[in-house]
A.B. asks: 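Got a structure for you, written out below as structure tokens; questions coming shortly.
Only this structure's heavy atoms are used, side chains among them; waters, hydrogens and symmetry mates stay out. Indexing begins at 1, ligand by ligand and atom by atom, following the structure's order. The residues of the chain are indexed from 1 along the displayed sequence. Quantities reported herein were computed from a predicted structural model and do not represent experimental measurements.
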Amino acid sequence: MSKLEEAFISVIVDRSAMAKIFQMADASNLVTELRRNFDAGVTRGYEWRVTQLKKLLVICDKHEPEIVSALHDDLGKPELESSVYEVALLRNSIKLALKQLKDWMAPHKAKTSLTTFPASAKIVSEPLGVVLVISAWNFPFMLSIDPVIGAISAGNVVVLKPSELAPASSSLLAKLLKQYLDPSAVRVVEGAVTETTLLLEQKWDKIFYTGNSRIGRIIMTAAAKHLTPVSLELGGKSPVVIDSDTNLKITVRRIISGKWGCNNGQACISPDYILTTKEYAPKVIDALKKELEAFYGNNPMGSKDTSRIVNLNHFDRLSKMLEEKEVSNKIVYGGQKNRENLKISPTVLLDVPLDSLIMSEEIFGPLLPIVTLNNLEECFGVINSRPKPLAAYLFTKNHKLKKKFTKTVSAGGIVVNDTAVHFTLPTLPFGGVGESGIGSYHGKFSFDAFSHKKSVLFKSFLGDSAIRYPPYSRRKLGLLKTLVNSNLVDTFKVLLGLS
Ligand code: NAD
């Protein structure tokens with residue numbers, strides 16, 4: 001029995017008592033209907049795209065309190081983080097799309113050559129068609145709406161499948177998108193593995209997935225069946241290298257902000273581990289303790305300024321990392337946890353084994369191990385011997401080191417002297433490389449992620465030279481070679497019989 005059949009039967013068996021079950025026929029009808037609407041051309045026009053983007057802006061403007069409240073229900077996310085990282089950034093994203101959409105949509109002139117002379121050429125961005133966006137729980141609004149902005153800007157019809165692990169956000173997204181956006185072109189399907197599996201069985205023109213790399217492989221396998229292109233926004237272990245030639249106070253404040261100040265470490269670009277020298281590590285630990293205490297007080301478990309762990313599974317996963325032999329005795333700060341309210345305090349560890357769970361898997365939570373090196377140069381070996389991370393951070397004043405780091409380290413993105421902030425710049429493509437993902441988005445890159453760049457060449461009937469047609473001759477061969485190389489001088493030489 002295929003996986004799909006198993007999933008299908010499990011829907012019938014497990015959920016037959018429920019009033020409305022999303023079944024294979026629903027998934028298939030949804031895509032058929034949306035494809036019909038796409039083919040009718042509704043979404044292609046500039047006006048339609050602008051209208052939908054403006055509606056998304058209204059959602060951000062009118063419903064911020066509801067969004068903040070849903071995020072609090074799902075993650076205990078502090079209001080500041082919700083308002084800034086989810087709503088304000090989205091607002092920026094929409095405004096940028098509204099401002100630049102005409103330019104993005106405009107065909108771009110391309111150069112022509114002697115081979116095609118006389119001709120003109122352009123690159124036309126066309127929508128891909130019916131696209132599926134599957135998003136994750138940690139920034140449920142940002143990670144859902146931001147790709148949808150790209151999909152709409154590029155003129156696609158879109159189905160959004162939010163994460164079931166953030167249920168309040170998922171149902172609010174479903175409600176708001178239904179209320180504001182054109183239902184003939186934008187739909188939300190709520191659900192978990194079963195629903196996603198049914199959706200993945202359909203033929204899409206693009207699948208944009210955010211989540212872990214294990215599921216990323218499932219997505220890519222399903223997409224391969226229909227030759228559907230994918231963007232995979234995955235994660236990884238993002239290292240932070242701290243040189244002793246740094247402003248240590250600012251360094252640790254910025255690390256704390258990107259780690260515990262970003263959904264309590266449950267962010268794809270949160271610092272995952274620190275690399276510094278054995279000699280400098282005690283100073284880093286002292287500075288971290290001091291600033292953590294200044295930010296979260298003596299009782300960080302009671303702080304309202306950090307999110308909670310999303311659910312028991314993730315709490316137990318993190319506890320397992322912390323309780324492993326040779327790890328539990330390496331805690332130098334924090335380590336408190338409460339399974340009832342899903343809280344884990346900011347925790348720093350020193351010199352955990354490199355083959356421990358905490359150093360093998362993405363942490364995605366409030367634990368931060370420090371790995372010490374004999375000299376900082378060793379950091380390159382540690383980072384480059386591991387799967388390519390989504391982000392890599394360096395703190396230093398040393399220009400040579402900055403240069404070597406940006407040249408030598410391969411990561412989705414690199415930030416020197418800060419953490420996570422590159423996410424906020426729409427002029428930078430955001431995405432991974434290798435194990436941390438495929439493709440990128442944000443700003444114009446989102447538009448491009450959901451567009452096909454169509455080559456269009458216009459020729460006239462003038463200049464129909466015989467040299468490309470049989471019967472072939474040495475002279476034609478010589479001329480064609482010079483034309484393909486776009487070498488005007490050689491072409492004349494051949495024409496004049498000089499070569
Ligand atoms: P998740 O559990 O919400 O899963 C992501 C999506 O996959 C959900 O919509 C879920 O329904 C779907 N899914 C789950 N199991 C599936 C299956 N068997 N088949 C098909 N679909 C399935 O999120 P997660 O994976 O826990 O997210 C955390 C991971 O995502 C981390 O690795 C993190 O680094 C990464 N992430 C990356 C980015 C980025 O922008 N690159 C952003 C956020 C999170």
Side-chain angles (χ1 to χ4, degrees), residues 3-4 6-7 10 22 27 74-75 85-86 89 93 132-147 150 159-167 169-170 173-174 188-202 204 207-223 230-238 258-259 262-263 265-272 309-311 313-315 317-318 361-365 387-391 411-413 420 422-424 428-442 445-446 449:
K3 264 196 168 155
L4 183 76
E6 277 174 30
S10 81
F22 189 77
D74 287 333
L75 291 151
Y85 303 146
E86 305 242 22
L89 284 180
S93 226
L132 174 63
V133 171
I134 302 173
S135 76
W137 54 266
N138 58 330
F139 286 80
F141 281 89
M142 167 55 84
L143 300 176
S144 297
I145 307 268
D146 217 13
V159 172
L160 166 67
K161 212 298 291 170
S163 174
E164 70 282 14
L165 299 193
S169 303
S170 173
L173 278 162
V188 177
V189 174
E190 288 192 89
V193 178
T194 307
E195 290 77 3
T196 319
T197 307
L198 293 174
L199 287 172
L200 285 174
E201 191 65 15
Q202 310 309 310
W204 302 91
I207 301 175
F208 187 102
Y209 164 81
T210 303
N212 68 70
S213 58
R214 187 181 64 79
I215 313 293
R217 285 172 167 81
I218 296 177
I219 306 290
M220 205 161 167
T221 306
V230 293
S231 287
L232 301 178
E233 294 288 329
L234 312 176
K237 291 185 80 62
S238 300
K259 178 76 176 178
C262 259
N263 202 25
Q266 301 169 106
C268 54
I269 44 174
S270 273
D272 190 276
I309 306 306
V310 64
N311 60 25
N313 280 347
H314 280 276
F315 183 93
R317 178 184 63 78
L318 290 161
E361 292 180 6
E362 182 182 358
I363 296 172
F364 218 62
K388 295 181 178 183
L390 186 57
H422 58 310
F423 185 87
T424 63
L428 289 177
F430 184 78
V433 56
E435 192 73 14
S436 56
I438 296 174
S440 60
Y441 71 133
H442 285 189
F445 305 101
S446 295

A.B. asks: Could you state the interatomic distance from CG (L89) to CD1 (I145), rounded to the nearest 0.5 Å?
C.D. replies: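 Those atoms lie 13.5 Å apart.
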
A.B. asks: Please report the closest heavy-atom contact between P162 and L173, naming both atoms and the distance.
C.D. replies: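 Closest approach of P162 to L173: CB-CD1, 4.0 Å.
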
A.B. asks: Specify the closest pair of heavy atoms between I215 and N212, including all atoms of both residues, with the distance to one decimal.
C.D. replies: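 Looking at all heavy atoms of both residues, the closest pair is N-OD1, 3.0 Å.
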
A.B. asks: Would you please indicate yes or no on a ring centroid separation below 6.0 angstrom for F445 and F430?
C.D. replies: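 Distance test on ring centres: not under 6.0 Å, no.
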
A.B. asks: Output the set of protein residues with a heavy-atom contact under 4.0 Å to ligand 1, ordered first by chain identifier and then by residue number.
C.D. replies: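 Residues within 4.0 Å of ligand 1: I134, S135, A136, W137, N138, L143, K161, P162, S163, E164, L165, V193, T196, L200, Y209, T210, G211, N212, I215, I218, E233, L234, G235, C268, E362, F364, L390, F430.
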
A.B. asks: What pairs with E233 under side-chain hydrogen bond (donor to acceptor under 3.5 Å, both in side chains), at least two apart in sequence or on another chain?
C.D. replies: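 With sequence neighbours excluded, E233 shows a side-chain hydrogen bond (donor to acceptor under 3.5 Å, both in side chains) to no residue whatsoever.
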
A.B. asks: Between Q266 and V310, is there a donor-acceptor pair closer than 3.5 Å when you use the side chain of the first and the backbone of the second?
C.D. replies: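 The answer is yes, because a donor-acceptor pair under 3.5 Å joins these two groups.
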
